[in-house]
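Remarks on the structure that follows.
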Amino acid sequence: TCGIHKKSKGEKFMKRRKILKKLTASILTLSMAASLAFIGEDNVFAEENNKSDSQKYVEAMGKGWNLGNSFDGFDADLDKEDQGEEAWGNPVVTRELIKEIKEKGYDSIRIPFTAYRRYSEVDGKYVINEEWLERYKEVVNWAVEEGLYVMVNIHHDSWIWLADWDGNKESEEYKMFVDLWEQLADAFKDFPEEVCFETINEPRFNEGDEELKQEKLDMINLASYEVIRNSGGKNNTRMIVMPTMDTNHEPQKSNPLYELIDGLNDENIIATIHYYSEYVYSANLGITGFDEPLY
């Protein structure tokens, strides 16, 4: 009986030892996993803390939608009355439309703004028609109230008249560009930081070699930058979006903008490019399938 009892106690001891080893291994595994998770979490925090303000802003903008052919549309025939938002066939923008964009899961909206035919010359200044600007502000405000990030810009003016600029700051094109941005910056200076400014859409210039054209773009980007930063309100830290030449992504087009932004030492600047892949499909120029042959 004693032998059986001793054997039973030994078996119990060995069983407990095995259980203890398993528990110890489990605790060590959990501890290591917790440590690794903590280290990983630290790395995430470190990575997040190393991001610039502009990078965080861009990520927060998430999925974006472009309100095209509305405030950027215009009647090229000067003999006809400008139809405003309806110039290119779109209906008047409604609050319901902006609300639906948010409900569809979009986080940001770009609202292109063309000043052409919507300004007057007053005492040597180019003044945006008050009714047009107030209507534009109304739609921007709807987007803000829906919780969307909003991009305000100067749009088709880039090719309608700014493309003819000779690079002289005394020329009318430069003065007009500065006047327009003074008004836009003032109009939105008290809007929340979710509203950002894009200096110009798809810049291009008709005259000069590539070096001169780039100099013109640098001057335009810097002009709007200075106007915005000195306009008061929340504009001293508002995000400013600057394009490359032709909004092209290739190094020879994008490197000059990198150098310009780097020299400003301002984290609240965002670079923008436009990339259509492939262009005919993206623009839907009569082709609706990606694999359809191009003629």
Side-chain angles (χ1 to χ4, degrees), residues 64-102 104 106 108-146 148-165 172-173 175-191 194-204 220 224 227-228 231 241 243 247 272 274 283-284:
W65 188 81
N66 191 76
L67 178 61
N69 297 352
S70 291
F71 288 97
D72 58 324
F74 64 95
D75 286 296
D77 187 347
L78 300 182
D79 293 328
K80 294 182 179 179
E81 183 180 352
D82 180 33
Q83 298 300 307
E85 296 169 59
E86 299 176 282
W88 285 1
N90 272 3
V92 171
V93 179
T94 64
R95 186 162 195 155
E96 288 70 28
L97 171 65
I98 304 301
K99 184 179 179 65
E100 186 173 355
I101 296 307
K102 178 65 175 180
K104 292 291 185 182
Y106 290 97
S108 59
I109 183 171
R110 183 171 181 252
I111 307 181
F113 177 95
T114 295
Y116 181 65
R117 297 200 67 182
R118 285 90 190 231
Y119 65 83
S120 304
E121 293 184 52
V122 182
D123 297 329
K125 287 280 190 179
Y126 295 90
V127 180
I128 301 171
N129 296 346
E130 183 177 358
E131 184 178 350
W132 180 253
L133 183 55
E134 286 302 313
R135 168 62 180 154
Y136 183 70
K137 284 176 64 179
E138 179 180 43
V139 175
V140 171
N141 194 55
W142 289 345
V144 169
E145 290 178 350
E146 290 299 329
L148 291 163
Y149 281 76
V150 187
M151 188 181 294
V152 168
N153 80 349
I154 292 179
H155 206 75
H156 292 302
D157 301 279
S158 62
W159 60 267
I160 298 172
W161 52 267
L162 186 59
D164 293 324
W165 180 44
E172 293 304 309
E173 291 87 357
K175 292 179 180 178
M176 189 189 306
F177 182 79
V178 171
D179 286 349
L180 295 178
W181 263 117
E182 284 178 349
Q183 293 164 79
L184 287 173
D186 184 67
F188 293 101
K189 66 182 180 183
D190 295 321
F191 275 60
E194 284 76 17
V195 174
C196 63
F197 293 148
E198 180 185 38
T199 60
I200 190 71
N201 175 70
E202 297 187 348
R204 63 201 62 181
I220 286 299
S224 47
V227 166
I228 293 166
S231 58
V241 181
T247 330
T272 182
H274 291 177
N284 192 16

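Since the structure is predicted, the reported quantities are computational estimates derived from the model, not experimental observations. Quick note: residue numbers are just sequence positions, from 1.
A donor-acceptor distance shorter than 3.5 angstrom exists from the side chain of Gln183 to the backbone of Asp179, with no hydrogens or angles considered. Using a distance-only test at 3.5 Å, with no hydrogens or angles considered, no donor-acceptor pair links the side chain of Thr272 to the main chain of Val241. Side-chain N or O atoms of Thr114 include one that pairs as donor or acceptor with a backbone N or O of His156 at under 3.5 Å.
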Verdict with supporting geometry, Leu67 and Leu97, side-chain contact (heavy atoms from CB on, under 4.5 Å):
CA-CA 10 Å; Leu67 178 61; Leu97 171 65; 4.1 Å; yes
Yes or no on side-chain contact (heavy atoms from CB on, under 4.5 Å) for Leu162 and Ile154, after CA distance, side-chain angles and deciding distance?
CA-CA 11 Å; Leu162 186 59; Ile154 292 179; over 6 Å; no
Could you please spell out the steps behind the side-chain contact (heavy atoms from CB on, under 4.5 Å) verdict for Val144 and Glu194?
CA-CA 7 Å; Val144 169; Glu194 284 76 17; 5.7 Å; no
Worked check of side-chain contact (heavy atoms from CB on, under 4.5 Å) between Glu172 and Tyr126
CA-CA 10 Å; Glu172 293 304 309; Tyr126 295 90; 2.3 Å; yes
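Here the side chains of Lys102 and Glu145 are not in contact, with every heavy-atom distance at 4.5 Å or above. For the pair Lys125 and Val127, the minimum side-chain heavy-atom distance is below 4.5 Å. In this structure, Arg117 and Leu78 have side chains that are in contact, with non-hydrogen atoms separated by less than 4.5 Å. The shortest distance between side-chain heavy atoms of Phe71 and Val93 falls below 4.5 Å. Residues Phe177 and Ile220 are in side-chain contact: their nearest non-hydrogen atoms beyond the backbone lie under 4.5 Å apart. Inter-residue side-chain proximity for Pro112 and Asn66 is flagged as met; some heavy-atom pair is nearer than 4.5 Å. Contact annotation: the side chain of Val152 approaches that of Tyr136 to within less than 4.5 Å [non-hydrogen atoms, C-beta and beyond]. Tyr119 has its side chain within reach of Met176: a pair of non-hydrogen atoms, C-beta onward, lies under 4.5 Å apart.
Between Glu198 and Trp181 the shortest heavy-atom distance is O-CZ2, 3.1 Å. Nearest heavy atoms, Glu81 versus Asp75: O-OD2, 3.4 Å. Across all their heavy atoms, Leu180 and Ala115 have their closest contact at CD1-CB, 3.8 Å. Shown here for Arg110 and Asn153, the closest heavy-atom pair between the two residues is NH2-ND2, 3.4 Å. Of all heavy-atom pairs spanning Ala87 and Gly73, the tightest one is CB-C, 4.0 Å.
A salt bridge links Glu134 to Lys137: one of the charged nitrogens lies within less than 4.0 Å of a carboxylate oxygen.
The CD atom of Glu96 sits 4.5 Å away from atom OG1 of Thr94, with the distance rounded to the nearest 0.5 Å. Of the inter-residue distances, the one linking Asn141 atom CG with Ile98 atom CD1 reads 11.0 Å to the nearest 0.5 angstrom. Rounding to the nearest 0.5 Å gives a distance of 8.5 Å between CZ of Arg95 and CD of Glu138. The structure places CD1 of Ile228 at 8.5 Å from CG of Leu184, a figure rounded to the nearest 0.5 Å. The OH atom of Tyr116 sits 6.5 Å away from atom CD1 of Ile160, with the distance rounded to the nearest 0.5 Å.
Pairs passing the side chain to side chain donor-acceptor pair (under 3.5 Å) check and including a residue from residues 82-91, sequence neighbours excluded, read Ser70-Asn90, Asp82-Arg118, Glu85-Arg135.
Using cut-offs of 30° and 60° for the angle between ring planes, the Trp132 and Phe113 rings count as tilted.
Residues passing the side-chain hydrogen bond (donor to acceptor under 3.5 Å, both in side chains) test with Ser224, sequence neighbours excluded: none. With sequence neighbours left out, the side chain to side chain contact (heavy atoms under 4.5 Å, CB included) criterion links Lys104 to Glu100, Tyr106.
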